[in-house]
Amino acid sequence: MYMERTFGNVTWVDLVRPTDKNLDDLRRRFKLHEIITKELKGPSARSRVERYGDYLYLIYYFPIYDSKEQASRRSEIDFVITKDAVITVHYEDIEPIKEVKEKFLEFESSFELTYRIIAALLNYQERQLRHIQEKVESVGSMLFKNKERQVLKMVSRVKRDVSEYRIISRHQGPILASLLAEGLRFFGEKDANKPYIDSLIGDHMKILNQIEDYRDAVADYEDTNNQLMNLRINEAMKTFTILSFMTFPFVLLVTVIDMNVAGNPLKSIHGIFWIVVVTVIVGMVSLYTYFKNKNWL
């Protein structure tokens, strides 16, 4: 899909899933390097900012939540920035791009247009943190409800989502810093353009701080859940140990009485069966009462 619009003195060309003809037209019109044209055909291996003569080439990654995988995945948008035009290339529909097209009618420079697009991406990225926030709050509400196994599964999914989001977001910082350095040299308007990138870096740091807070919260919830699970295991082990102690002497008593050996005096006692039954019942009730009074059960 091809879109070209003029905002004041700035031309914006936006390509979604570009065709070879689209890229060939751009190469001739904006005198793009052959390497850049090839890279624009599909997603790139790494993000970067480079200057090629009369334009800047920026590869920018940002996270998008995948509801099927229940985790964030990496999405990419590429920029070719000249003094009076911005070319954006992406390989899927991106909601923030539509917002910029609908919201703004004019830009003072191509640098400002680039800033507005990345700012919209960061704003969208911050909004997407809500699904992580909701997951973290759900985990917290499940604690102390005897649902440790379920909480463990939820924690594992949240940790995966947070880690994927964090990996993608952390790499944005160096790219924005590189854009600041290269952009100032390219446009030669230090005082005019520096606040734009400083604002983006500030928004990026705010997002990183939020994801670190969620990461710490998930780690705390996981530790708490592990402690609860260990407590339940210890309680179960203590119960089994006490039950074993309660039954062992009576099993031994029955075994001795039932021993079919010569000279066993217990087998000849009249009514030995009922004596053993009563002894076992009274003994086990007595031990149970004793352990209960000691709060061991």
Side-chain angles (χ1 to χ4, degrees), residues 1-64 73-98 100-101 104 107-122 124-125 167-189 193 196-197 200-201 204:
M1 182 168 59
Y2 181 94
M3 184 280 299
E4 180 173 343
R5 292 175 61 183
T6 299
F7 299 80
N9 299 321
V10 181
T11 299
W12 181 10
V13 178
D14 183 58
L15 288 173
V16 184
R17 295 175 286 273
T19 64
D20 290 341
K21 183 180 184 307
N22 293 148
L23 296 176
D24 192 53
D25 291 342
L26 288 179
R27 181 181 60 81
R28 290 196 302 268
R29 177 179 174 185
F30 293 96
K31 298 180 175 58
L32 301 183
H33 195 284
E34 184 178 352
I35 295 177
I36 302 300
T37 306
K38 289 182 179 179
E39 284 219 37
L40 292 175
K41 289 183 178 180
S44 304
R46 63 184 180 88
S47 57
R48 66 183 188 274
V49 179
E50 293 179 352
R51 180 173 179 177
Y52 288 83
D54 296 331
Y55 59 88
L56 291 176
Y57 180 50
L58 165 64
I59 301 175
Y60 187 81
Y61 294 146
F62 62 98
I64 287 182
R73 61 175 175 80
R74 187 181 73 179
S75 186
E76 176 184 332
I77 180 170
D78 298 344
F79 294 81
V80 177
I81 308 167
T82 71
K83 294 292 180 66
D84 54 7
V86 175
I87 303 168
T88 54
V89 178
H90 43 105
Y91 311 97
E92 60 184 317
D93 293 327
I94 300 176
E95 181 181 328
I97 298 296
K98 298 177 182 178
V100 176
K101 293 176 182 177
F104 295 97
F107 298 98
E108 295 181 0
S109 66
S110 58
F111 200 91
E112 182 188 354
L113 173 55
T114 303
Y115 158 75
R116 294 296 180 188
I117 295 173
I118 297 178
L121 292 172
L122 287 171
Y124 174 76
Q125 184 176 330
I167 289 171
I168 300 168
S169 298
R170 286 180 66 87
H171 289 289
Q172 293 174 332
I175 292 301
L176 292 176
S178 298
L179 178 61
L180 174 61
E182 292 293 340
L184 295 181
R185 285 195 291 267
F186 180 74
F187 285 92
E189 301 174 2
N193 293 325
Y196 289 140
I197 307 301
L200 295 179
I201 293 175
H204 171 254

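Numbers here simply count residues along the sequence, with the first being 1.
Residues Leu23 and Pro18 form a side-chain contact, since some pair of their non-hydrogen atoms from C-beta on lies under 4.5 Å apart. The shortest side-chain heavy-atom distance between Glu76 and His90 does not fall under the 4.5 Å cut-off. Taking 4.5 Å as the limit, some side-chain heavy atom of Ile118 sits within range of a side-chain heavy atom of Leu58. Side-chain atoms of Phe62 and Arg74, non-hydrogen and from C-beta on, never get closer than 4.5 Å to each other. With contacts defined as side-chain heavy-atom distances shorter than 4.5 Å, the pair Leu122/Leu200 qualifies. Counting only heavy atoms from C-beta outward, the side chains of Phe30 and Ile36 never approach each other to under 4.5 Å. Looking at heavy atoms from C-beta onward, Val10 lies out of side-chain contact with Phe111 at the 4.5 angstrom threshold. Side chains of Pro63 and Ser169 form a contact here, defined as non-hydrogen atoms less than 4.5 Å apart.
Atoms NE2 and CD, on His33 and Glu50 in that order, are 10.5 Å from each other to the nearest 0.5 Å. Between the CD1 atom of Ile64 and the CD1 atom of Ile168 there is a distance of 9.0 Å, given to the nearest 0.5 Å. The CD1 atom of Ile77 lies 6.0 Å from the CD1 atom of Ile117; values are rounded to the nearest 0.5 Å. With rounding to the nearest 0.5 angstrom, the CD1 atom of Ile81 is 8.5 Å from the CG atom of Leu113. Considering CZ of Arg48 and OH of Tyr57, their distance stands at 5.5 Å, rounded to 0.5 Å. Of the inter-residue distances, the one linking Asn9 atom CG with Glu108 atom CD reads 9.0 Å to the nearest 0.5 angstrom.
Panel note: side chain Thr11, backbone Thr6; no donor-acceptor pair is recorded below 3.5 Å. Side-chain N or O atoms of Asn22 include one that pairs as donor or acceptor with a backbone N or O of Thr19 at under 3.5 Å.
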Side chains of residues 176-186: which donor-acceptor partners sit under 3.5 Å, not counting sequence neighbours?
residue: Ser178; atom: OG; partner: Pro174; partner atom: O; Å: 2.9
residue: Glu182; atom: OE2; partner: Arg185; partner atom: NH2; Å: 2.9

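Not counting sequence neighbours, the partners of Arg29 by the side-chain hydrogen bond (donor to acceptor under 3.5 Å, both in side chains) test are Glu4.
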Inset, instruction - Begin with the C-alpha distance, continue with both residues' side-chain angles, and end with the deciding distance and a verdict on side-chain contact (heavy atoms from CB on, under 4.5 Å) for Ile175 and Ser47. - result: CA-CA 7 Å; Ile175 292 301; Ser47 57; 3.5 Å; yes
Inset, instruction - Begin from the C-alpha positions of Leu15 and Leu26 and carry the test side-chain contact (heavy atoms from CB on, under 4.5 Å) through to its verdict. - result: CA-CA 10 Å; Leu15 288 173; Leu26 288 179; 3.2 Å; yes
Inset, instruction - Dump the intermediate steps for side-chain contact (heavy atoms from CB on, under 4.5 Å) on Lys83 and Tyr55, then the final yes or no. - result: CA-CA 7 Å; Lys83 294 292 180 66; Tyr55 59 88; over 6 Å; no
Legend entry - Worked check of side-chain hydrogen bond (donor to acceptor under 3.5 Å, both in side chains) between Tyr60 and Gln172: CA-CA 7 Å; Tyr60 187 81; Gln172 293 174 332; 3.3 Å; yes
Inset, instruction - Quick one: do Asp14 and Thr88 satisfy side-chain hydrogen bond (donor to acceptor under 3.5 Å, both in side chains)? Show the steps, please. - result: CA-CA 5 Å; Asp14 183 58; Thr88 54; 2.5 Å; yes
Inset, instruction - May I have the step-by-step check of side-chain contact (heavy atoms from CB on, under 4.5 Å) for Ile35 and Thr37, ending in yes or no? - result: CA-CA 5 Å; Ile35 295 177; Thr37 306; over 6 Å; no
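Look at Arg27 and Asp24 and you find a salt bridge, because one of the NZ, NE, NH1 or NH2 atoms lies within 4.0 Å of a carboxylate O, short of that distance. Salt-bridge check for Arg73 with Glu92: passed, with a basic side-chain N closer than 4.0 Å to an acidic carboxylate O.
Within a 6.0 Å radius of NE2 in His171, no more than 12 heavy atoms belonging to other residues, nucleotides or ligands are found.
The shortest heavy-atom contact between Ser44 and Ile59 is OG-CD1, 3.4 Å.
By the 6.0 Å and 45° rule, Arg17 does not stack over the aromatic ring of Tyr91.
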